[in-house]
2 protein chains.
Amino acid sequence: MGTTQLDTVPEPKYWHLKTVLAEALDSEFAVGEILPNERELAARFGVARATLRQALEQLELEGRLQRRRGVGTTVAPPRVGVSVGSVQQGRPGATDGDWEVADSAPAVPPAAVARLLGTEAGEPVHIVRRSRVTGGQPVAAELLYVPPASVPALPAADAPAGPPGARAVLAELGNLGLDGEDQAVELGSARADEAKQLDRLPGAPVLVVTTRYFTRGRTAAVAVATYRADTCRLTFGDSGTVELAHETRDAGASRV
Amino acid sequence: MGTTQLDTVPEPKYWHLKTVLAEALDSEFAVGEILPNERELAARFGVARATLRQALEQLELEGRLQRRRGVGTTVAPPRVGVSVGSVQQGRPGATDGDWEVADSAPAVPPAAVARLLGTEAGEPVHIVRRSRVTGGQPVAAELLYVPPASVPALPAADAPAGPPGARAVLAELGNLGLDGEDQAVELGSARADEAKQLDRLPGAPVLVVTTRYFTRGRTAAVAVATYRADTCRLTFGDSGTVELAHETRDAGASRV
DNA sequence: TAGTGGTCTAGACCACCAA
DNA sequence: TGGTGGTCTAGACCACTAG
């Protein structure tokens, strides 16, 4: 065969579509602007709606679009940087930035958490629920697991419940003097309860941040926080790597 | 109508399916085991293949499954923890763990990177490509941007190319003495070139880690690393939050 | 070459929101 | 109530891998 099959990998339609749409977003749309609806867009590009949706899903995953049922698809603002490390912030100290205490109750933690805490399986701990709000938008839901041993001043089984109880646990934890932490980040999908708090649908992509708080070398508490992956950029370190987005990974590097 | 419509939110099929499959994975399958094919599974559960795929996609996103075209769907091992912060590791110093230098070349960085570096737009910098391998599997692809000003010992326009050149840049950067860093993590999707390095399809979910290296208060270099989101758990801090996975977020908390 | 997952279509109906 | 995105179906064909 004389036809030297050149390396023409047929690019999937949705991939090409995504590229075209991304360029259009950069040049022809303003943040918050509402796009034509999916049926309209699909027709305009001559593809099935499912294919169009595949492209939109990717763009939403990358934080470029926001879709809401019954409303429409809008151009998303750049991701907000939320500080999750080093800086004195997740700690107690009243009114620390943008955490909102929800409530507290004793319960048996998942086995993996108990392992991290070094508590007996089946042993109940204080579970404090908090949500984090930035710019009026909910960005994270957190469960903070505090073994009774870490807050001896509080009655183990009969701690005050609700927001006051939660604040009491946090205050006690602060008195303890935390001297270190340890974090891990991984991708997950929102459970039903988390989704509701984050104003997303179940299954939405989230960044799960697991933090271990230390005091005198021992694990004093464990926090599992789930951040909206579409709207958040997690920052570690003091200065906070302000401003920068998907653009850092754009083309234009044009290697020589 | 006497039927008081109780708050029965009809759970989507794919969601329920995902739950069922997740339980089956925990109880009936071993890591690496291969699942029945999609058509078979769809038939077995009495759903369309697309619906079944929606469930599989979520499980893959959560790192529970691994799917490979032409091969099949297998049960994924737990995510590997990869250290990305604090510890002296991304830095030069020969043979530092699991980074593999690919090459180096001068090129004009994306505008957002130039802004971080504080270089003129259009000014070329050294771009070092590295990949990170853990347990024989590629986990990350990195582009390290180093302005000529940070490595004055190297010829700006005519630096050695290829792996030797890359190592030269890294060595010079090490001599400089970095005294701080600054990181951000966000969700992205793999570009075509990254996908190839990571042995995934384009569009695969990745965790993008942007690191700013400081020396004497100035930004000496910027690294943009993309980690496979399906197989990696990024760890920050010294001890590394060993061992723990999706389990930390499982049910069983059973609030009181 | 047979079997896998990946892409794509053209429909349908449903849940949600705003007017 | 009309319009939006979300779910679901039952097909088809393609790209890739392995034997």
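For the numbers below, each heavy atom of this structure counts, side chains included, while hydrogens, waters and symmetry mates do not. This structure is a prediction, so every number in the text was calculated from the model and none was measured. Chain identifiers are assigned alphabetically (A, B, ...) following the order of the sequence lines, protein sequences preceding nucleic acid strands; residue numbering begins at 1 within each chain.
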Check your understanding: Can we say B/Arg167 and B/Asp103 salt-bridge, meaning some charged N sits less than 4.0 Å from an Asp/Glu carboxylate O?
Key -> no

Practice item. Rounded to the nearest angstrom, tell me the gap between atom CG in A/Leu35 and atom P in D/dG5. Key: 9 Å

Review point. Does the pair A/Glu194/A/Arg200 count as a salt bridge with the N-to-O cut at 4.0 Å?
Key: no

Check your understanding: Is there side-chain contact between B/Leu234 and B/Leu207, with heavy atoms separated by less than 4.5 Å?
Key -> yes

Check your understanding: Do the side-chain N and O atoms of A/Arg132 and A/Tyr227 include a donor-acceptor pair separated by under 3.5 angstrom?
Key -> yes

Check your understanding: Between B/Glu40 (CD) and C/dG3 (P), how many Å, whole number?
Key -> 13 Å

**Study point:** B/Lys18/B/Glu57 salt bridge by N-O under 4.0 Å criterion
**Key:** no

Point to revise | Residue pair B/Gln66 / B/Thr74, side-chain donor-acceptor N/O under 3.5 Å | key: no

**Study point:** C/dG3 OP1/OP2 closer than 4.0 Å to side-chain N/O of B/Asn37
**Key:** no

Point to revise | Residue of the set A/Leu116, A/Val113, A/Val128 for which side-chain contact (heavy atoms from CB on, under 4.5 Å) holds with A/Tyr145 | key: A/Val113

Review point. Going by atom types alone, do B/Glu62 and A/Ser189 pair a side-chain donor with an acceptor below 3.5 Å?
Key: yes

**Study point:** Structure string for DNA chain D in dot-bracket form, Watson-Crick and G-U at under 3.5 Å, | interchain
**Key:** ||||||||||||||||||.

Point to revise | Side-chain N or O of B/Thr73 closer than 4.0 Å to phosphate OP1/OP2 of C/dG5 | key: yes

Check your understanding: If the sugar-phosphate is the primed atoms plus P, OP1 and OP2 and the base is the rest, what is the B/S/- string for nucleotides 6-12 of chain D, using protein heavy atoms under 4.0 Å?
Key -> BBSB--B

